Asker: 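Okay, here's the structure, questions in a sec.
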Amino acid sequence: MPNAGRARPARCRTRTSRRTGPRASAARPRRVRRAWGCGWPWLRRSYAARRAAAWLVRDRRLPDRDVRRAARVGAAPGRLVRDMAKQQGLTPQSTDFSAWYNELVYKADLVDLGPVRGAFVIRPYGYALWEHIQRELDTMFKATGHENLSFPMLIPMSYFQREAQHVEGFSPELAVVTHAGGQELDEPLAIRPTSETIIGELYAKWVQSYRDLPLLYNQWCNVVRWEMRTRPFLRTTEFLWQEGHTAHADEEEARAETRQMLDVYATFAEQFAAVPVIRGEKTEGERFAGAVQTLTIEAMMRDGKALQSGTSHYLGTNFAKAFGITFNDVHNQQAFAHTTSWGLSTRMIGAIIMSHGDDAGLVMPPKLAPHQIVIVPIARGNDEDAKALVGAEVDRIAAELRTAGVRVKVDDRDGMSPGWKFNEWERKGVPLRVELGPKDLAAGTALVKDRLADDKTAVPLSGLVEFLVEGLGGFHERLFQRALDFRAARMREVHSYDELVEQVESGFAIATHCGDPASEAAIQEATKATVRCIPLDGVPAEGSVCVHTGRPSGYPVKVVFAKAY
RNA sequence: CGGGGCGUAGCGCAGCCUGGUAGCGCACCUGCUUUGGGAGCAGGGGGUCGGAGGUUCGAAUCCUCUCGCCCCGACCA
């Protein structure tokens with residue numbers, strides 16, 4: 001059917017008048033639109049359109065082009081802004097952080113919705129980020145003596161019942177397979193929400209002697225937890241992670257392992273993701289189900305909320321007792337192994353997005369960025385010579401950068417204006433962009449745009465590669481420093497309950513707490529904030545009293561209160 | 001599970017009140033002109049209106065049932 005209406009030839013159109021071609025002539029007498037659809041509403045629409053255009057231009061809400069287009073449509077101003085923001089732009093971070101995040105993960109091509117609630121597809125650009133996270137972490141795991149292995153995804157339900165705390169903690173979020181091969185199973189199988197149980201079962205088999213210890217293993221896998229509410233990367237039904245599981249002959253060694261892996265996470269977060277973190281211990285209420293001690297790294301997002309970005313657990317002999325991980329020690333005495341587990345998930349991607357992103361979109365930390373540098377060649381399509389010259393130079397630069405170990409993307413796509421590409425790569429957070437066109441070639445320079453800077457720098461082609469390589473290193477430092485400064489501005493010690501209530505509205509509050517779970521719960525009830533952690537290198541609490549109950553501190557240091565994801 | 005909203009083209013929406021067999025923007029395809037901050041013109045393709053019943057000559061529109069999704073509250077890396 002011809003789209004004859006598109007040009008909107010007549011203002012007072014009727015359905016019949018818009019139709020041409022065979023269908024229209026096919027004799028079906030079409031009812032003329034109701035009178036009001038053709039009379040004053042047009043005037044109203046026109047008025048609204050003109051008013052919208054003026055308003056939008058005045059407030060610089062939209063580029064002229066969009067306004068003109070909108071005027072043609074005759075959309076109402078408010079709706080127009082919303083729709084345009086949805087389709088082309090991005091809700092500014094400062095306007096609505098949550099909306100900003102939700103839009104960005106789709107518009108930066110990180111995720112897409114899967115058919116099952118809360119199960120997201122990670123698209124290539126998002127997965128590339130995950131691959132770099134994996135690669136760096138895996139290297140660090142290997143360097144600390146760990147080996148990778150793979151355990152099955154299906155776990156007999158009975159395994160969960162063996163550790164009382166563990167089953168209580170995970171039962172509500174288990175997904176369970178009850179049928180297979182066309183029959184109901186004798187024993188239902190849980191899809192792993194974490195693998196302590198099945199690994200415990202096997203460790204019991206593998207460990208006989210103190211000579212078999214320690215066991216230092218890790219697996220990269222997916223897990224499923226049936227959460228009530230889901231958000232891309234932050235809380236999803238299925239997610240990717242690594243889970244390390246180790247077994248040791250004594251408590252001291254196991255605790256040292258727990259701490260070592262926490263430090264690995266912290267180092268990774270700060271030196272690779274440029275995300276500053278607070279290392280600390282979880283309170284009893286926030287502890288992993290079945291653990292003796294849970295250590296965490298907590299990062300501050302740009303809305304002042306905390307995100308637990310990695311955890312390391314000392315499990316004591318809880319799982320050893322539940323699964324019979326015993327060994328004969330040097331004195332031929334039978335003993336239970338001390339186990340640990342530690343995990344970091346695709347939630348880290350959420351941490352990166354919310355630690356660094358701004359109104360224009362993502363800002364990728366260079367060491368993990370899928371593309372560290374993007375080069376946009378600029379040339380008129382009808383000027384083959386210029387195109388070829390620019391193309392050759394761009395290829396040369398890209399090749400040199402690759403030789404220097406830089407992940408570089410040449411965006412030579414046809415049919416898109418340079419401006420469109422600039423916006424796209426900024427939204428996707430590429431740290432550095434190189435623009436090269438005929439004018440630059442003539443001047444012997446290239447324009448370099450830094451994702452954190454407002455202006456562009458003309459750099460001589462002769463020193464371009466060195467400039468860029470150095471720029472990436474500097475970028476990481478500036479990004480990390482910016483995040484540190486942001487956190488410093490939003491984190492402070494508080495000395496009264498009122499101060500705490502106010503502080504957690506915008507950031508982290510460092511406060512003395514008595515450690516009473518009831519008090520913690522009451523504070524959460526009133527403020528939505530919880531104790532994120534008891535910092536490992538915190539402010540000594542001696543001499544101060546709990547800001548909530550006035551009782552003595554329950555911990556050696558002041559604790560971190562914040563709202564959390 | 002409680003409260004609120006929504007299912008119409010790939011995406012965002014209008015049309016529904018007042019029934020007459022579907023439209024707008026973006027995206028997509030073709031051609032030409034373009035390309036230094038989201039290009040223009042022209043032509044074009046694409047929808048069993050979430051599903052099932054019902055009312056009616058006729059249902060995206062009215063009625064009944066149903067499925068699904070999103071947002072806000074109680075759980076979590």
Side-chain angles (χ1 to χ4, degrees), chain A residues 1-8 13 15 18 28-34 36-37 62-63 65-66 69-70 72-76 79-80 82-89 98-99 102 106-107 112-113 115-118 169-173 193-194 223 225-231 233-237 239-243 282 286 288-289 294 296-297 307-311 313 342-348 350-351 360 376-383 386-387 390 413-427 433 435-440 447 449 456 525 528 564-565:
Chain A
M1 184 179 321
N3 233 334
R6 186 158 291 196
R8 212 178 266 262
R13 61 198 172 92
R15 289 183 179 219
R18 281 166 38 245
R28 186 191 297 232
R30 214 169 288 263
R31 197 181 73 160
V32 172
R33 224 175 154 74
R34 278 185 295 274
W36 60 260
L62 293 168
R65 185 187 48 264
D66 291 332
R69 189 182 297 142
R72 258 185 284 134
V73 186
R79 154 134 280 147
L80 179 74
R82 268 204 316 281
D83 292 352
M84 287 292 178
K86 269 186 177 172
Q87 281 197 241
Q88 294 211 329
S98 181
N102 285 331
Y106 293 103
K107 292 184 173 180
D112 209 342
L113 273 175
V116 174
R117 190 186 113 83
F170 279 103
S171 290
E173 42 189 323
T194 179
V223 290
R225 298 183 185 179
W226 216 257
E227 303 286 355
M228 311 236 175
R229 282 182 52 210
T230 58
R231 294 192 72 188
F233 298 121
L234 303 177
R235 193 182 303 108
T236 53
T237 298
F239 60 89
L240 306 180
W241 76 346
Q242 55 70 214
E243 45 178 327
K282 284 293 188 188
E286 299 268 331
F288 176 76
T294 288
T296 176
I297 52 172
L307 183 68
Q308 176 177 313
S309 308
T311 49
H313 316 289
W342 26 276
L344 185 145
S345 72
T346 37
R347 176 180 257 198
M348 190 71 209
V376 180
I378 297 163
R380 293 166 166 273
N382 58 358
D383 188 340
K387 220 173 165 180
V390 168
R413 287 174 295 176
D414 258 353
M416 282 168 183
S417 69
W420 199 95
K421 294 176 182 177
F422 298 164
N423 281 291
E424 168 163 348
W425 293 118
E426 279 168 19
R427 178 164 19 91
R433 180 177 73 237
E435 304 169 17
L436 191 78
K439 292 178 197 169
D440 306 295
L447 278 183
K449 171 72 168 65
K456 303 177 189 180
E525 174 77 19
K528 307 284 183 206
Y565 278 98

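Source: prediction; values computed, not measured.
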Asker: Determine the contact category for A/G437: base if any of its heavy atoms lies under 4.0 Å from a base atom, sugar-phosphate if only primed atoms, P, OP1 or OP2 are that close, otherwise nothing.
Answerer: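 Contact class for A/G437: base.
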Asker: How far does the P atom of B/A77 sit from the matching atom of B/G3, given to the nearest Å?
Answerer: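 About 29 Å, rounded to a whole number of Å.
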Asker: Relative to A/F422, does A/R433 satisfy both conditions: NZ or CZ under 6.0 angstrom from the six-membered ring centre, and within 45 degrees of the ring's axis?
Answerer: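 Yes, A/R433 and A/F422 form such a contact.
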Asker: Could you tell me whether the side chain of A/T311 reaches within less than 4.5 Å of the side chain of A/F288, counting heavy atoms only?
Answerer: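 No, every pair of side-chain atoms sits at 4.5 Å or beyond.
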Asker: Start at the 5' end of RNA chain B and walk down; is the nucleotide closest to A/W420 or to A/M416 reached first?
Answerer: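 It is A/M416, whose closest nucleotide lies nearer the 5' terminus.
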Asker: Could you identify the nucleotide paired to B/A9, looking across every strand shown and requiring Watson-Crick or G-U wobble geometry with both distances under 3.5 Å?
Answerer: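 No nucleotide pairs with B/A9.
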Asker: What is the separation between atom CZ on A/R413 and atom C1' on B/A27, rounded to the nearest whole Å?
Answerer: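 Taking CZ of A/R413 and C1' of B/A27, I get 14 Å after rounding.
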Asker: Return yes if the base of B/G38 and the side-chain atoms of A/E424 contain a donor-acceptor N/O pair under 3.5 Å, otherwise no.
Answerer: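 Counting by modelled atom types and ignoring angles, no donor-acceptor contact under 3.5 Å is found here.
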Asker: To the nearest 0.5 angstrom, please state how far the OH atom of A/Y565 sits from the OG atom of A/S98.
Answerer: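 Between atom OH of A/Y565 and atom OG of A/S98 there are 6.5 Å.
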Asker: Return the value, rounded to whole Å, for the distance between atom CG of A/N423 and atom C1' of B/U35.
Answerer: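 Atom CG in A/N423 sits about 15 Å away from atom C1' in B/U35.
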Asker: Can you measure A/K421 atom NZ to B/G38 atom P for me and round it to whole angstrom units?
Answerer: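 About 14 Å, once rounded to whole Å.
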Asker: Could you work out the separation of B/A27 and B/A74 based on their P atoms and round it to a whole Å?
Answerer: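 Per the computed distance, 41 Å lies between those P atoms.
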Asker: Mind checking the P distance from B/C17 to B/C76? Whole angstroms is fine.
Answerer: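 To the nearest whole Å, 48 Å.
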Asker: I'd like the P distance from B/A52 over to B/C67, given in whole Å.
Answerer: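 It comes out at 15 Å once rounded to the nearest Å.
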Asker: I'd like a table of atom pairs between the protein and nucleotides 5-8 of chain B - only N or O on both sides, under 3.5 Å - with the distance next to each one.
Answerer:
none

Asker: Take atom CD1 of A/I378 and atom C1' of B/G36, then tell me their distance rounded to the nearest Å.
Answerer: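 Checked: the CD1 to C1' distance equals 5 Å.
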Asker: Within the sub-3.5 Å range, which N or O atoms of nucleotides 31-33 of chain B have a protein N or O partner, and how far apart are they?
Answerer:
none

Asker: When the C1' atoms of B/G4 and B/U61 are considered, how many whole Å apart are they?
Answerer: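 The same atom, C1', in both gives a distance of 24 Å.
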Asker: For B/C28, which nucleotide is its Watson-Crick or G-U wobble mate, given both distances must be under 3.5 Å?
Answerer: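 For B/C28, the partner nucleotide comes out as B/G44, under the 3.5 Å rule.
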Asker: Please report the distance, rounded to the nearest Å, between CD in A/E525 and P in B/G73.
Answerer: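 Atom CD in A/E525 sits about 13 Å away from atom P in B/G73.
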Asker: Hey, which sits more toward the 5' end of RNA chain B by its nearest nucleotide, A/S98 or A/K456?
Answerer: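 Mapping each residue to its closest nucleotide by heavy atoms, the 5'-most match is A/K456.
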Asker: Where do A/D112 and A/Y106 come nearest, in terms of heavy atoms and distance?
Answerer: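 Where A/D112 meets A/Y106 most closely, the heavy atoms are CA-CE2, 4.0 Å.
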Asker: Over how many whole Å does the gap from A/D414 atom CG to B/C29 atom P extend?
Answerer: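 Rounded to whole Å, this separation is 12 Å.
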Asker: Using 0.5 Å steps for rounding, measure from the CZ atom of A/R225 to the CZ atom of A/R235.
Answerer: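 A/R225 atom CZ to A/R235 atom CZ measures 12.0 Å (nearest 0.5 Å).
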Asker: Calculate the interatomic distance between A/D112 atom CG and B/A27 atom P; express it in whole Å.
Answerer: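 So the CG-P distance, A/D112 to B/A27, works out to 19 Å.
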Asker: So, taking the atom named CH2 in A/W342 and the one named NE2 in A/H313, what distance separates them when rounded to the nearest 0.5 Å?
Answerer: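 One gets 11.5 Å once the value is rounded to the nearest 0.5 Å.
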Asker: Quick one: pull up CD1 in A/I378 and CG in A/L436 and give me the separation to the nearest 0.5 Å.
Answerer: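 So the CD1 of A/I378 and the CG of A/L436 are separated by 7.5 Å.
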Asker: With sugar-phosphate meaning primed atoms plus P, OP1 and OP2, does A/R433 contact a base, only sugar-phosphate, or nothing at under 4.0 Å between heavy atoms?
Answerer: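 Base, at least one base heavy atom under 4.0 Å.
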Asker: Measuring from A/K449:NZ to A/E426:CD, what's the distance to the nearest 0.5 Å?
Answerer: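 Spacing of NZ (A/K449) from CD (A/E426) equals 4.5 Å.
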Asker: If we check side chain to side chain contact (heavy atoms under 4.5 Å, CB included) with A/Q308, which of these qualifies: A/T296, A/T294, A/I297?
Answerer: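 Answer after filtering A/T296, A/T294, A/I297: A/T296.
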Asker: In whole Å, measure the gap between the P atoms of B/C70 and B/C57 for me.
Answerer: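 Rounded to whole Å, the distance is 41 Å.
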Asker: Any non-hydrogen side-chain atom of A/T237 less than 4.5 Å from a side-chain atom of A/E227?
Answerer: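 A side-chain contact is absent here, since even the closest heavy-atom pair is not under 4.5 Å.
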Asker: Expressed in whole Å, how much space separates the C1' atoms belonging to B/C6 and B/C49?
Answerer: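 Roughly 14 Å separates the two C1' atoms.
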Asker: Could you grab the distance from atom NZ of A/K456 to atom CD of A/E435, nearest 0.5 Å is fine?
Answerer: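 Atom-to-atom, A/K456:NZ and A/E435:CD are 3.5 Å apart.
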Asker: Which heavy atom of A/S309 sits nearest to which heavy atom of A/A351, and what is that distance?
Answerer: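 Nearest heavy atoms, A/S309 then A/A351: OG-CB, 4.0 Å.
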Asker: Applying a 3.5 Å limit to both distances, which nucleotide forms a Watson-Crick or G-U wobble pair with B/G2?
Answerer: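 In the structure as shown, B/G2 has B/C72 as its Watson-Crick or wobble partner.
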Asker: Shortest non-hydrogen contact from A/W241 to A/G343?
Answerer: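 Looking at all heavy atoms of both residues, the shortest contact is CE3-CA, 4.4 Å.
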Asker: Looking only at heavy atoms, what is the nearest atom pair of A/G350 and A/F233, with distance?
Answerer: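 Reported closest heavy-atom pair: N-CB, 3.9 Å.
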Asker: What's touching nucleotides 74-77 of chain B from the protein side, N or O pairs under 3.5 Å?
Answerer:
unit_1, atom_1, unit_2, atom_2, d
B/C75, O2, A/E227, OE1, 3.2
B/C76, O2', A/E227, OE2, 3.3
B/C76, O2, A/R235, NE, 2.7
B/C76, N3, A/R235, NE, 3.2
B/C76, N3, A/R235, NH2, 2.9
B/A77, O3', A/Q308, NE2, 2.1
B/A77, O2', A/R347, NE, 3.2
B/A77, O2', A/R347, NH1, 2.2
B/A77, N6, A/T236, N, 3.2
B/A77, N6, A/T236, O, 2.9
B/A77, N3, A/S345, OG, 3.1

Asker: Using the C1' atoms only, state how far B/G19 lies from B/U56, rounded to an integer number of Å.
Answerer: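 Going atom to atom, C1' in each nucleotide, I get 9 Å.
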Asker: May I ask which nucleotide in the shown strands pairs with B/C16, Watson-Crick or G-U wobble, both distances under 3.5 Å?
Answerer: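 Across all strands, not a single nucleotide pairs with B/C16.
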Asker: Would you kindly give the CG-to-P distance between A/L113 and B/G68, to the nearest whole Å?
Answerer: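 Nearest whole value for this atom pair: 16 Å.
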Asker: What does B/G36 pair with, Watson-Crick or G-U, if both distances are under 3.5 Å?
Answerer: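 Checking every strand shown, B/G36 finds no partner, since no pair has both distances under 3.5 Å.
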